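These figures come from a predicted structure and were not determined experimentally. Residue indices begin at 1 and follow the sequence shown.
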Amino acid sequence: MVLSLVIAGLFLWRVDTKHAPVKNFTYTAFVSAVAANKVSTATITSTGAVSGKLDGGAAYTSQIPIALGNTALGPLLLEHRVQVTGSSKSATSLVGLIGTFLWVVLIIGGFIWIARRSRKQLGGGLGGIMGIGRSKARVYDEEKPETRFSDIAGYQGSKAEVIEVVDFLKHPQRYAAAGAVGPKGVLMVGPPGTGKTLLARAVAGEAGVPFFALSGSGFVEMFVGVGASRVRDLFADARKRSPAIIFIDEIDAIGGRRGPGGFGSNDEREQTLNQLLSEMDGFEPGASVVVMAATNRAEILDTALLRPGRFDRTVEIPLPNQSERTAILAIHGRGKKFAPHVDLDAVSRGTPGFSGADLANLVNEAAINAVRARRDVITRADFDAARDRLLIGRRDASNALLPEEKRSVAAHEAGHALVAVFSEHADPVAKVTILPRGAALGVTEQLPVSERHLFPKSYLSDSLAVRLGGRAAEVIVVGEASSGGANDLAGATDLATRMVREWGLSSEVGPVGYGPEGPSRDNPFAGRPYAEETQRSIDQEVAGLLRQAEARATKLLRDHRETLDRVIELLLERETIDGSELLAITGVPDRAKDRELVFVQLAEDRAPTAEGGTPLAPELS
């Protein structure tokens with residue numbers, strides 16, 4: 001505001017100090033005016049410029065044609081009593097000089113003011129127009145992070161790995177007395193949403209030390225050398241405030257593999273990485289500065305970054321298990337009202353593969369569902385609706401099926417369910433529904449008896465049969481297959497391919513692991529890693545496994561055709577049936593009775609996308 005007023009005042013002052021309009025005479029008109037006694041004064045410069053005033057006080061200017069060698073003008077001026085003044089150069093107004101100087105000062109001052117203001121807004125001088133090479137790290141110093149290990153549920157092994165970092169920062173003299181050196185770097189690796197950043201904040205909160213936090217992308221700019229300058233500035237600040245923690249989130253943005261097999265040449269990124277490596281090597285034992293970093297793409301990091309002496313430890317932050325999910329749900333449920341019948345342990349059993357962020361979203365979606373029902377108490381039904389929304393999609397009442405489509409979907413889902421029930425090693429069925437949700441026209445949910453880490457061939461073979469059971473049921477009941485099994489075919493083909501190519505579960509190909517086709521993490525430019533004849537054998541084995549699974553599913557359903565028709569009619573009548581009702585219809589004993597049950601969505605049928613493709617099925621491992 002003040003700057004605007006000063007500029008306006010100077011502008012008005014400049015306007016007020018301008019001279020009156022000046023008449024510009026030709027040389028002929030000037031001589032005629034002198035002869036007519038209309039010129040009062042004349043100032044003549046060495047370049048022939050003439051200026052002065054007329055008898056009426058008006059100003060004028062003119063130019064003497066020096067090239068003509070005119071010598072008659074002087075006597076003419078004296079004859080008509082014109083006051084003549086000579087000047088070696090054109091006169092410059094003192095007021096004009098002062099105004100120009102003030103304008104220059106004002107512009108420079110404006111740039112300085114803008115730079116200072118931008119630095120304040122970006123956090124105490126870190127950044128801004130005049131500090132492009134300064135570190136952009138946010139510093140938690142006076143206000144230490146309040147997060148503690150008690151705020152993080154589960155992950156006891158990961159906590160044990162980093163607890164020594166806290167002890168080193170709190171008591172560095174213990175390590176010095178024993179001749180030990182504390183860890184210089186800790187790399188946390190895990191899927192997105194597992195709490196890597198939260199764990200780093202907990203380390204800073206427990207240690208009570210300054211905490212420098214920024215993302216890997218904060219180092220990289222379009223100007224080569226800026227990232228390296230920011231790295232130097234960051235480490236210099238950390239050493240001044242040691243003991244301290246530097247936390248770099250998404251370090252893969254600057255720590256990618258260099259040279260052949262990496263991401264190509266990038267001078268800015270490579271210089272930034274080289275500077276980071278140099279700074280980590282430059283740490284002295286007494287510096288008490290620990291670098292923590294997080295990534296979910298550890299396979300692309302440069303090997304020089306991972307060697308001992310830089311990142312001494314790699315801490316795995318995996319997806320939480322069932323008991324850890326229960327504890328995480330309890331933390332996110334603080335301050336919320338749960339109905340008495342809500343069992344968080346049961347909810348956690350239904351969320352395998354959920355990260356901490358997913359669980360937080362689940363609790364929030366359940367609360368939103370309660371608000372829609374005009375309640376402030378979260379019920380078990382709210383959690384079920386939230387889980388279905390996250391895994392399957394929103395229920396779309398406008399996505400109504402035609403009668404013949406509805407029967408086809410009912411046959412399809414009944415086929416999935418009955419093949420799962422009659423297969424010895426398949427996971428028990430929890431629920432079957434033909435209510436459209438998102439892109440899914442129907443869903444068969446299964447409950448594994450435990451969280452699997454290994455998948456035996458018998459289990460995988462039954463899984464193939466379950467995936468193809470829907471297509472087989474459509475052929476038996478409707479007389480032909482439809483596009484509704486596209487997702488099943490994609491998932492079954494992917495599973496059979498991995499059984500043959502990666503897991504060595506084919507007698508024809510043998511116990512040989514060919515790995516994934518195409519680029520690998522070691523050589524992103526590689527093509528197929530085996531011969532054409534081998535590919536032909538793999539394709540034949542994959543097709544054979546799928547045909548066997550389909551034939552097996554078809555036989556099971558034909559042998560239980562009456563039961564299949566009953567399940568289809570029940571689905572058409574009620575649209576949703578649960579696993580206990582299905583077992584009562586089939587008379588098969590409950591294999592999951594008195595066992596831990598964990599929800600997993602194994603078979604999900606989706607409609608083709610607008611482009612004609614279908615989403616991929618979820619992986620089993």
Side-chain angles (χ1 to χ4, degrees), residues 145 147-169 182-207 211 213 215-216 245-257 276 280 290-329 331-332 348 351-360 450-455 502 515-516 520-522 598 600 618-621:
T147 308
R148 299 293 185 269
F149 285 146
S150 58
D151 298 321
I152 303 176
Y155 297 115
Q156 299 303 323
S158 302
K159 291 179 184 177
E161 286 284 342
V162 299
I163 195 67
E164 289 186 2
V165 175
V166 177
D167 187 61
F168 167 68
L169 293 173
K184 291 184 179 180
V186 178
L187 179 65
M188 295 182 291
V189 180
T194 50
K196 300 181 289 295
T197 303
L198 186 64
L199 188 60
R201 288 178 58 86
V203 171
E206 293 284 350
F211 184 70
S215 173
I245 292 176
I246 296 175
F247 175 63
I248 306 175
D249 197 9
E250 304 297 345
I251 194 173
D252 49 89
I254 59 172
R257 201 175 280 125
L276 178 62
M280 294 189 72
V290 174
V291 180
M292 301 187 71
T295 182
N296 50 26
R297 304 174 65 195
E299 69 277 3
I300 71 170
L301 294 181
D302 195 271
T303 54
L305 189 66
L306 302 178
R307 73 160 177 80
R310 287 172 180 154
F311 282 104
D312 306 281
R313 297 185 181 181
T314 299
V315 179
E316 295 287 340
I317 313 292
L319 293 171
N321 57 33
Q322 192 268 326
S323 60
E324 291 173 338
R325 293 197 299 272
T326 302
I328 293 173
L329 286 171
I331 288 180
H332 292 300
S348 68
T351 55
F354 275 45
S355 66
D358 294 330
L359 294 172
S450 61
E451 291 192 45
R452 294 183 180 271
H453 301 285
L454 296 175
F455 300 97
E502 299 181 34
S520 64
R521 65 179 57 179
D522 296 323
V598 182
V600 66
E619 295 185 354
L620 291 177
S621 59

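- Scanning both residues, Pro320 and Arg325, for their nearest heavy atoms gives O-NH1, 3.1 Å.
- The minimum heavy-atom distance linking Asn296 with Pro192 is given by the pair ND2-CG, 3.1 Å.
- For Ser323, the side-chain hydrogen bond (donor to acceptor under 3.5 Å, both in side chains) partners are Asn321, not counting sequence neighbours.
- Between Val291 and Phe311, the closest heavy-atom pair is O-CE2, 3.8 Å.
- Ile246 is not listed as a side-chain neighbour of Val290, based on a closest heavy-atom distance of 4.5 Å or more.
- Taking all atoms of both residues into account, the shortest heavy-atom contact from Gln322 to Ser348 is NE2-OG, 2.7 Å.
- Side-chain atoms of Arg297 do not come within 3.5 Å of backbone N or O of Asp252 as any donor-acceptor pair.
- The shortest non-hydrogen separation linking Pro318 to Pro191 is CA-CD, 4.4 Å.
- Within the structure, every pair that satisfies the salt bridge (charged side-chain N to carboxylate O under 4.0 Å, His left out) test and touches residues 305-319, not counting sequence neighbours, is listed here: Glu164-Arg313, Asp281-Arg307, Asp281-Arg310.
- With a 4.5 Å cut-off on side-chain heavy atoms, Leu276 and Leu305 count as touching.
- Under the 4.5 Å side-chain criterion, counting only non-hydrogen atoms from C-beta, Leu306 is in contact with Leu187.
- Looking only at side-chain heavy atoms (C-beta outward), Lys196 and Phe247 stay at 4.5 Å or farther from each other.
- Looking at heavy atoms from C-beta onward, Met188 lies in side-chain contact with Leu199 at the 4.5 angstrom threshold.
- Partners of Asp302 by salt bridge (charged side-chain N to carboxylate O under 4.0 Å, His left out), not counting sequence neighbours, listed by chain and number: Arg258.
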Verdict with reasoning, Val189 to Ile317, per side-chain contact (heavy atoms from CB on, under 4.5 Å): CA-CA 6 Å; Val189 180; Ile317 313 292; over 6 Å; no
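- A 4.5 Å side-chain heavy-atom check between Ile245 and Met292 finds at least one atom pair inside the cut-off.
- Here the CG atom belonging to Asp249 is positioned 4.0 Å from the OG1 atom belonging to Thr197, to the nearest 0.5 angstrom.
- Put simply, the side chain of Leu359 reaches to within 4.5 Å of the side chain of Thr351, judged on heavy atoms.
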